[in-house]
Structures are given as structure tokens and as C-alpha cells.
Amino acid sequence: MRYILGKVILIGLLLCCPLLLSAQLTYGTTGLLHAPSAEMQRDKTVMIGGNFLNQEITPPTWYYHTYNYFLNVTIFPWLEVAYTCTLFKAEALGLKPYGYSGFTNQDRYFSVRLRALKEGQFWKYMPAVVVGTSDPYTESGDGQISSVDGNGYFCRFYIAATKHIPVGTEEIGVHLSYLFNHRNDYPLNGPAVGITYNPSFHPQLRVIAEYDSKDFALGATYLLFNHLHAQVELQKMKYFTGGLTYKIYLK
């Protein structure tokens, strides 16, 4: 029933909006849905948000649906930093015998994105290029970079390129990236691709299709009143994930 409701919500957003632009809510960073891109937020943008995460989109440690929340700051036009917390259930941590239940703990990690090249910087066909990482370090096991197991569940490193291509009066975004990590439970080692479309008649709406190196996904984002950013996604084309972000522009 939950998945049917998710599909209804997505269809409603796509069809009923003049009634969602570029924030990857699943990681609390700028990007596509689950795959990275080389787009950046406006300088001095602060984003505060949270998501419902279907278990199909999380590492295997989460064998249940969960939630996350995050704080994201674009410190300079070329540097973005995020802090994301993903909730654990007491039962999954073995705390039920001690009287705990429901969501009682959280996994915490940082993400960093660094823009190496701006789109069209040296010639008009040049794509933007970003290098980034999420959850690169964990203090478990006396401290590890790019952990193999244990904490560091969302660990990934990537390089991403983005180019926006005019098609008549419209514009299509083409995104290519390569992701990798060393995780035994959630390996990410391969290319990811995505296509985005912001209709000229309603640029607040963005439709996204992607392959994130593991699964295909379809989704949409909408920017309301220039501050409230909503995202819906169907991971594997059927499992609903979605969230809301509030954007603050300090400059």
C-alpha cells in the first residue's frame, strides 16, 4: 500500500504541478537522486532537511525503513560541506531487552564536494567537474579511511561531470560520474549516469532519471517560493523515498 501511495504522489507531482532544483536529499548534498552530479549551490547557501528512506535505498544494515536529517553549507562557490544523521532502531542495535524501542540512535557522517572545473570555464563545451566523498572516515577500529566494514556505512568517493545541452527552446542536463568504495556490505564501484529536465515553462520543476551504479531510479524535485525544496523518488522504479529541504541564502 505504501509503494502504491508513493507512485500516486510522484504522478501527482509530475502532472498536477505547475504544481519540484538541485539537491540530493538522500545524502543531504547537491546532486541527482542517489547519484552525484557536478552542479553546485549558490555561494553561501544553507540547506536544512530530512527524508523518509525506503530500506531499498540504504545499506543492508538498515533492513527497515528509516529517516535522516542534515545540515548543508556551501562555504564557497566551489566547496560544499554536509553533516547527515540516519536513524537506527533499538531492535536492530540489540537494545530491546533493555527497554528501548523505536528509533533510539543514529549514524553520523560528513560529506564534502569540491568543484574542480566550472561548466564552460575554458571553452563552451567544457562540462563542470566535481570530486566528492560521503562518510569517508570512521572512528571505529582505531580510525579508518574508506572502511571495509563496521561503521562508515555510506562511504563513497566519486568524480562527476555535468553538461547542460540546449534542445530547441529547452535544456537537458547530462550527468556522468564514477563511484567507488571498499565496503563489503555496500560496494559502489562503477559508473553512474543521469538526465535532468527543467521545463522552460515552469523551471521550478525538475524531472530526473538516473542509474546510480546499482539501480535505476525516476524522480522529481520542486522548488517552492524559492526556499522549500521537495523531492520524490522511485528507487528501482517502484520503492518510494522522499523528503523536504529548506534553503537559506546568506549572500
Can any side-chain N or O of [X] pair as donor or acceptor with the backbone N or O of [Y] at less than 3.5 Å?
| X | Y | answer |
| --- | --- | --- |
| D135 | Y109 | no |
| N68 | L53 | no |
| E170 | S200 | yes |
| K44 | I75 | yes |
| T162 | A38 | yes |
| T74 | F76 | no |

Q41 vs T30, side chain to side chain donor-acceptor pair (under 3.5 Å): CA-CA, chis, key distance, verdict: CA-CA 7 Å; Q41 300 295 323; T30 303; 3.0 Å; yes
Using distance alone, with no hydrogens and no angle criterion, decide if [X] and [Y] have a side-chain donor and acceptor under 3.5 Å apart.
| X | Y | result |
| --- | --- | --- |
| E139 | N151 | no |
| E119 | H164 | yes |
| R113 | Y158 | yes |
| Q235 | T241 | no |
| Y69 | Q106 | yes |
| T196 | H175 | yes |
| T84 | R108 | no |

Heavy-atom side-chain contact between [X] and [Y] under 4.5 Å:
| X | Y | result |
| --- | --- | --- |
| V130 | L117 | no |
| P36 | L179 | yes |
| M40 | P77 | no |
| I57 | E233 | yes |
| H65 | F52 | yes |
| H182 | S147 | no |
| I48 | T245 | no |
| S146 | C155 | yes |

Between atom [atom1] of [X] and atom [atom2] of [Y], what is the distance when rounded to the nearest 0.5 Å?
| X | Y | atom1 | atom2 | value |
| --- | --- | --- | --- | --- |
| T26 | D212 | OG1 | CG | 8.5 Å |
| E210 | I195 | CD | CD1 | 11.5 Å |
| L176 | I159 | CG | CD1 | 9.5 Å |
| L33 | Y211 | CG | OH | 15.0 Å |
| D149 | T61 | CG | OG1 | 10.0 Å |
| L32 | E39 | CG | CD | 7.0 Å |

From CA spacing to verdict: side chain to side chain contact (heavy atoms under 4.5 Å, CB included), Y249, H227: CA-CA 9 Å; Y249 309 105; H227 289 282; 3.6 Å; yes
Pair D185 + R183: basic N to acidic O under 4.0 Å: yes
Kindly check if the number of other-residue, nucleotide or ligand heavy atoms within 6.0 Å of [atom1] ([X]) is above 12?
| X | atom1 | answer |
| --- | --- | --- |
| I172 | CD1 | yes |
| K118 | NZ | no |
| F88 | CZ | yes |

Test applied, ring pair (Phe, Tyr, Trp, His ring centres under 6.0 Å); reference residue, W62; option that passes from F103, Y67, F154: F154
Test side chain to side chain contact (heavy atoms under 4.5 Å, CB included) applied to L87 and K89, step by step: CA-CA 7 Å; L87 303 185; K89 279 189 174 181; over 6 Å; no
Given the rule that I, L, V, M, F, W and Y join up when any side-chain heavy atoms are under 4.5 Å apart, are [X] and [Y] in one cluster?
| X | Y | answer |
| --- | --- | --- |
| V131 | F122 | yes |
| V73 | L114 | yes |
| F180 | V148 | no |
| L250 | L71 | yes |
| I208 | I165 | no |

Over all heavy atoms of both residues, which pair between [X] and [Y] is shortest? Give the atoms and the distance, please.
| X | Y | result |
| --- | --- | --- |
| G190 | S213 | O-CB, 3.9 Å |
| Y186 | P60 | CD1-CD, 3.9 Å |
| A192 | A35 | CB-CB, 4.1 Å |
| A209 | L218 | CB-CD1, 4.4 Å |
| N198 | P203 | ND2-O, 3.3 Å |

Criterion side-chain contact (heavy atoms from CB on, under 4.5 Å) against T66, the qualifying member of D107, T58, N54: T58
Side chain to side chain contact (heavy atoms under 4.5 Å, CB included) evaluation trace for F70 with C85: CA-CA 6 Å; F70 59 85; C85 298; over 6 Å; no
R42 vs E80, salt bridge (Lys or Arg N to Asp or Glu O under 4.0 Å): CA-CA, chis, key distance, verdict: CA-CA 10 Å; R42 188 197 308 178; E80 176 183 332; over 6 Å; no
Parallel, tilted or perpendicular: rings of Y125 and W123 (30°, 60°): perpendicular
Residues L188, K214; criterion side chain to side chain contact (heavy atoms under 4.5 Å, CB included); working and verdict: CA-CA 8 Å; L188 292 172; K214 296 177 73 70; 3.3 Å; yes
R156 NZ/CZ over Y27 ring centroid, <6.0 Å and within 45° of normal: yes
Cation over ring face, K247 and F225, 6.0 Å, 45°: no
Pair H229 and Y246, ring centroids less than 6.0 Å apart: no
